[in-house]
Amino acid sequence: MVDLSVQLGPLRLDHPVINASGTMEIFELAETFGPHVLERPPVAAYVSKTVTLKPRAGNPPPRILETAGGMINAIGLSGPGLDVFVKEDLPRLLGLPCPLIISIGGFSTGEYEVIAGRLQEALEQLVGEGWIERAGLELNISCPNVHSGCASIGSDTHETGELVKTIRKRWPGLLVVKLTPNVADIAAVGRAAVSAGADAIAAVNTYKGLVVDRVSLRPYLGNITGGLSGPAIKPLALRSVYELFDAVEAPIIGMGGIATVEDVLEFMSCGALVVAVGSAGFRDPGLAGVLAHQLAVALDTRGLTRAGLLGLAHRPV
Amino acid sequence: MVDLSVQLGPLRLDHPVINASGTMEIFELAETFGPHVLERPPVAAYVSKTVTLKPRAGNPPPRILETAGGMINAIGLSGPGLDVFVKEDLPRLLGLPCPLIISIGGFSTGEYEVIAGRLQEALEQLVGEGWIERAGLELNISCPNVHSGCASIGSDTHETGELVKTIRKRWPGLLVVKLTPNVADIAAVGRAAVSAGADAIAAVNTYKGLVVDRVSLRPYLGNITGGLSGPAIKPLALRSVYELFDAVEAPIIGMGGIATVEDVLEFMSCGALVVAVGSAGFRDPGLAGVLAHQLAVALDTRGLTRAGLLGLAHRPV
Amino acid sequence: MKDGSNDTIEEAHWASDYRMLGSVLNNEPQGLMARLEVEVPGWRSAEPGQFALLQAGSSRCFLARAVSVADEVGARVSFLIAPVGEGTRELCALNGGDMVWVVGPLGRGFDVDALVISRGRAVIVAGGAGVAPFPLLLARMARRHRALFSRPVGEGPGGPQASTLEVLVLLGFRDALQAEASTLLREVAALACESGLRCRVEVAIEDGLRGPAEKVTDLLIRHLRSGDRVAVCGPTPMAEAVWSICASKPDVRAWFSLETGMACGVGSCHGCLITLADGSDARVCKDGPVFLGEAVFGG
Amino acid sequence: MKDGSNDTIEEAHWASDYRMLGSVLNNEPQGLMARLEVEVPGWRSAEPGQFALLQAGSSRCFLARAVSVADEVGARVSFLIAPVGEGTRELCALNGGDMVWVVGPLGRGFDVDALVISRGRAVIVAGGAGVAPFPLLLARMARRHRALFSRPVGEGPGGPQASTLEVLVLLGFRDALQAEASTLLREVAALACESGLRCRVEVAIEDGLRGPAEKVTDLLIRHLRSGDRVAVCGPTPMAEAVWSICASKPDVRAWFSLETGMACGVGSCHGCLITLADGSDARVCKDGPVFLGEAVFGG
Ligand SMILES: Cc1cc2nc3c(=O)[nH]c(=O)nc-3n(C[C@H](O)[C@H](O)[C@H](O)COP(=O)(O)OP(=O)(O)OC[C@H]3O[C@@H](n4cnc5c(N)ncnc54)[C@H](O)[C@@H]3O)c2cc1C
Ligand SMILES: Cc1cc2nc3c(=O)[nH]c(=O)nc-3n(C[C@H](O)[C@H](O)[C@H](O)COP(=O)(O)OP(=O)(O)OC[C@H]3O[C@@H](n4cnc5c(N)ncnc54)[C@H](O)[C@@H]3O)c2cc1C
Ligand SMILES: Cc1cc2nc3c(=O)[nH]c(=O)nc-3n(C[C@H](O)[C@H](O)[C@H](O)COP(=O)(O)O)c2cc1C
Ligand SMILES: Cc1cc2nc3c(=O)[nH]c(=O)nc-3n(C[C@H](O)[C@H](O)[C@H](O)COP(=O)(O)O)c2cc1C
Ligand code: FES
Ligand code: FES
């Protein structure tokens, strides 16, 4: 079998399939499916749901609806906040046999700074020196942001650059920046993030959409708008990864509608070193593991190497 | 039966369902299905494929592929150009029993100006004074644009405003501006267009995407990227119409994935006065007419008026 | 090597430990609902009130749909499904031999012991498609009851009087056709009677065409006694009405199986969150779908 | 009023003049292909080589698929479909009674007169699923031939010798199973022989398991004579090879039915554009799918 392991900055992954932030609660899975989930996770690195500084109730229900070829959600970064994460979740997550990527979200640069600082302290305490090989950070820069006047920090190249510079100064571990696709030029934002010191780019987050209640003809979601994900957005996500691969040297974590091994091949061909399973994991919580196996078979069958596949779509036939 | 007629600026439409530019060749339909197509068109106004100043070959094949819940196209504004349009198509199109909306595209403000000027001359000649009630203009501002440094004029509020101002000065008829959704803030572009004098906003054009060939794992489309359309994008398009309705007073022509009468209700509830059928018309060329009929029935059944439906999603229950 | 063992290895790449591929044994209409019997290799026994995520093998939908386990015999699992939208229509249209994806059993079910070990009666209240989880509940109540009480007099925890547990099954349907969805439940009730439960089924039909126009809440008002233990499943307005009837009698405890939109069914997506009476959040898929009435509707 | 007439009015809101709702009469496997027989109310007679856009009533696909008309008897239309992807697999899986959306007949077909009124022979060359349009072509050639020539000797335009038009049907398939897709064509060929055509069918099988490993182009090289008129349908590499064989003989004319991706099939979307040998553009759906070899491949 092909060796699927991959180095993502200081993290070593057994294979290139991980989960998308906010779409897999691994301890819940273990409760339902048994301890093997924690012993042999389906993902090669576990990405946490986005952690915010304060506890957040999230958006009023309903929060999800299926759409043509996908789904929309308006969870709204609900969660118990940083303190609970550090005390209750972090120690358990560090017990997983795979690296951890902690997704964080702030409503200002200051908030990101505080969270990153606290996480670094906690990791040093819990793991010691070697924590850098165990855990990385993913900046979710799609949260609404009052300061910049933008919809979010991630929709402004300058704000993005400033944020990443600030965090880069204090955070010595893997620094992933997860981009929002609700921009005119995602490659420009990616470039800003990488010049400011990001080690890797995750693309993409959800696309802002709205669904209408069939009966009342009012917005269906409690939050009015939500984020579109799933196969419906795959062509849009592939385009973003393709453009980013041309724009930045840093490795790309590709996602958006991945549901089959063909999707994995497509994302890698467009330039993703690592891929993440999001909403398609809702219908099969073990999908990431299945895809890793299938990827090995597919590479074999096609006589392709990982290096040969990476960015193939950019090279002439 | 409910009266479905609607006034779009100086144009009177028998009902609010028209076609999306580039997705219906009415003379081809007449050749295939018979002269009734021209005598009783399925659309309440006919929107031409985007006319460019010069003849254009368009993009290399392949140019279309189905995707999850939709399709992608990279036609590339192919067409014989303005001269042929004015000489061959315009006179025939003015023979239709419904108003005409001429979609035009330019690669600079100057090009739009020239096209609009030539069309106005031709209309005056062919129809005389009353042409304003027969024909309107739709500015497709998604064409790639070197001048602005943007992907297209439509992805820049300033460029959009300047273009619309320029055309508004010379064009006395209905002026629709069709927005590209590949921007961070579509409402801002809509506002710019309306302040500059647009009579109506059409939203949305296609979303930039990419599909990968299953066999070669290279980009499938000859043009590499293309535009995503169909039900997959409906939640994104509805969100755009919803935001535009809050942002501008001008009427909105809503489109993006419309395939059923429920979709029509949803777009109108979000704020569309008129709706346009695009790719779903490929599987049923008569869809627009069917939807108009079904809309009358649906309004009746639900005890709704057109005025009551328009913008309903913005009003509390 | 193209032999069986190799095929099994190949298969292993495609199967996950989380989702199983079932095969439809039988699909028979019960009124407007379909009783889908599925052979699910790897199925672990469900608690009554638990559900599974089902998706037709040839589904046009992106996500699977939550469906209660209606009955099970080993790996032969029955579901009762009402065709309300695209996902459930697909499931209802499956034929014998068709494939169906299954994730489950999921969630927390009914507290069988609390229903069986009680001084009052056990009352089951179901509206429409809410009948689905109750055949399994009734079967498990009968089994548990037998395990606890079918011993020589005086040896069981509740003594001889407990061995005559009375179960009242109150069902509400819109019309006579819909009421046929109670077929499976009646079969199970008959078996339960044989094995020692005193089981009575009453049906309220709302359209009044072949009898009085009644709602299931009318039946409940007529029959509910203090001390009763109640298991409820049905549309939200019905559930609310049932709760206020229960709350009006002393010493009544009631459990409700709730329904919300779900994406993952396992606690991952946070899409099914509801706010409980005390202001805390709960996920219907993980913390439920069965909740105590007080927790949902308040004391 | 809930009677038939009202239903018809209701129906009118849903039907368009452009798309018809057909109902599957029969679906029978022919090798790897399915022969789908559909009753299409409102169907107008097709020219051979024309196609229809088909979409299963319960389709998961967004767009319809282009399928050649293989045969028709009034409103009973037959299609021969190879299950290559999702859309065609859905069509191949339809059962009697299932609904299917139909737009058509569409495009420009073969020039029957040019094939029938000829000094040379008519040669049909098909590869794989390319067999689909030829039963109808053969039936129409037989009909036209009869109409033109089955008169007292000397009265027909071509005289007596024309009444013995020779038709050579050359088919290529990957293997014996795939070759069963020629069943319908053979049936029609037998009828055509009865009605006066001298029809001969030869099949090349590529895998060589039950005879020589041959390609349809080998048959063509062996048989083609100058003056022949050739109708071709098959994969692009085969079509190109056929063209070069045709071009090497004097006075051979060949028509090719081309395949491209299509969205609308009626000339609206410009998705099926190809560039002809002279540099001009043509839409396969509207200007084709049948083109003269020179136009496509150059003189
Ligand atoms: C005029 C005409 C007549 C026809 N007549 C017949 C007929 O009579 N019988 C018949 O069986 N067929 C016929 N065809 C062919 C038939 O239309 C196609 O086989 C059908 O459209 C395939 O659709 P699908 O959904 O089954 O497959 P799809 O999934 O759409 O795939 C079909 C083809 O699309 C391309 N494709 C799709 N997705 C990708 C991707 N991601 N990467 C690369 N390539 C991709 C490939 O080239 C593939 O071969 C005809 C075609 C035309 C144009
Ligand atoms: C724990 C649990 C157990 C269940 N057990 C059963 C069971 O045993 N049997 C059974 O028949 N059902 C059961 N259900 C209900 C079942 O899951 C739903 O009926 C099913 O998910 C509906 O899916 P659908 O695709 O058929 O319909 P959908 O099209 O998804 O519509 C279903 C519901 O979604 C909402 N909805 C969807 N789209 C819109 C829109 N645009 N606007 C407004 N509302 C919309 C509506 O509320 C509608 O009623 C259970 C549900 C839960 C949570
Ligand atoms: C229910 C849900 C919750 C999500 N929560 C988060 C989150 O907390 N942080 C984040 O960065 N992205 C979040 N996402 C976005 C996903 O991580 C992913 O970027 C997106 O869904 C696209 O991938 P997909 O199409 O495979 O789902 C969420 C997506 C969904 C569907
Ligand atoms: C094949 C194709 C060609 C198109 N050509 C044009 C065009 O010439 N001008 C234009 O403004 N929009 C064009 N569009 C965009 C449509 O008008 C419409 O905005 C878009 O497809 C969204 O609607 P839909 O989802 O209903 O298709 C085209 C779309 C398609 C699918
Ligand atoms: S359905 Fe996903 S958390 Fe409950
Ligand atoms: S398929 Fe649309 S123009 Fe030919």
(message) Any salt bridge linking C:Arg283 with A:Glu25? Criterion: basic side-chain nitrogen under 4.0 Å from a carboxylate oxygen.
(response)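 Salt bridge between C:Arg283 and A:Glu25, a charged N being under 4.0 Å from a carboxylate O: no.
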
[X], part contacting chain C, at a heavy-atom distance under 4.5 Å:
| X | result |
| --- | --- |
| A:Ser78 | side chain |
| A:Pro62 | neither |
| A:Pro42 | both |
| A:Ala68 | neither |

[Y] side chain reached by [X] side chain, heavy atoms, under 4.5 Å:
| X | Y | result |
| --- | --- | --- |
| C:Trp101 | A:Arg283 | no |
| C:Val266 | A:Phe282 | no |
| C:Ser268 | A:Leu29 | yes |

(message) Does C:Arg143 have more than 12 heavy atoms from other residues, nucleotides or ligands lying within 6.0 Å of its CZ?
(response)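 Counting other residues, nucleotides and ligands, CZ of C:Arg143 stays at 12 neighbours or fewer.
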
(request) Determine whether more than 12 heavy atoms belonging to other residues, nucleotides or ligands lie under 6.0 Å from atom CZ of A:Arg302. (result)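 Yes, because the 6.0 Å sphere around CZ of A:Arg302 holds more than 12 heavy atoms from other groups.
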
(request) Could you look at C:Arg65 and say if it's the side chain, the backbone, both or neither that has a heavy atom under 4.5 Å from chain A? (result)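 The side chain, not the backbone.
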
Euclidean distance, [Y] [atom2] relative to [X] [atom1], rounded to 0.5 Å:
| X | Y | atom1 | atom2 | value |
| --- | --- | --- | --- | --- |
| A:Leu287 | C:Tyr18 | CG | OH | 11.0 Å |
| C:Cys269 | A:Ile75 | SG | CD1 | 5.5 Å |
| C:Arg19 | A:Phe33 | CZ | CZ | 11.0 Å |
| C:His270 | A:Thr23 | NE2 | OG1 | 10.0 Å |
| C:Cys285 | A:Glu28 | SG | CD | 7.5 Å |

(request) Identify the heavy atoms of A:Pro231 and C:Phe62 that sit nearest to each other, and give their distance. (result)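 Looks like CD-CE1, 3.1 Å.
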
(message) For A:Glu66 versus C:Leu63, what's the shortest heavy-atom pair and its separation?
(response)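 It is OE1-N, 2.9 Å.
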
(request) Could you tell me which of C:Leu53, C:Val103, C:Leu106, C:Leu273 has the largest number of non-hydrogen atom pairs under 4.5 Å with chain A? (result)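 The residue among C:Leu53, C:Val103, C:Leu106, C:Leu273 with the greatest pair count is C:Leu273.
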
(message) Below 4.5 Å, heavy-atom pairs only: which of A:Gly34, A:Ser279, A:Gly69, A:Gly58 has the largest tally toward chain C?
(response)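 Option with the greatest count: A:Ser279.
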
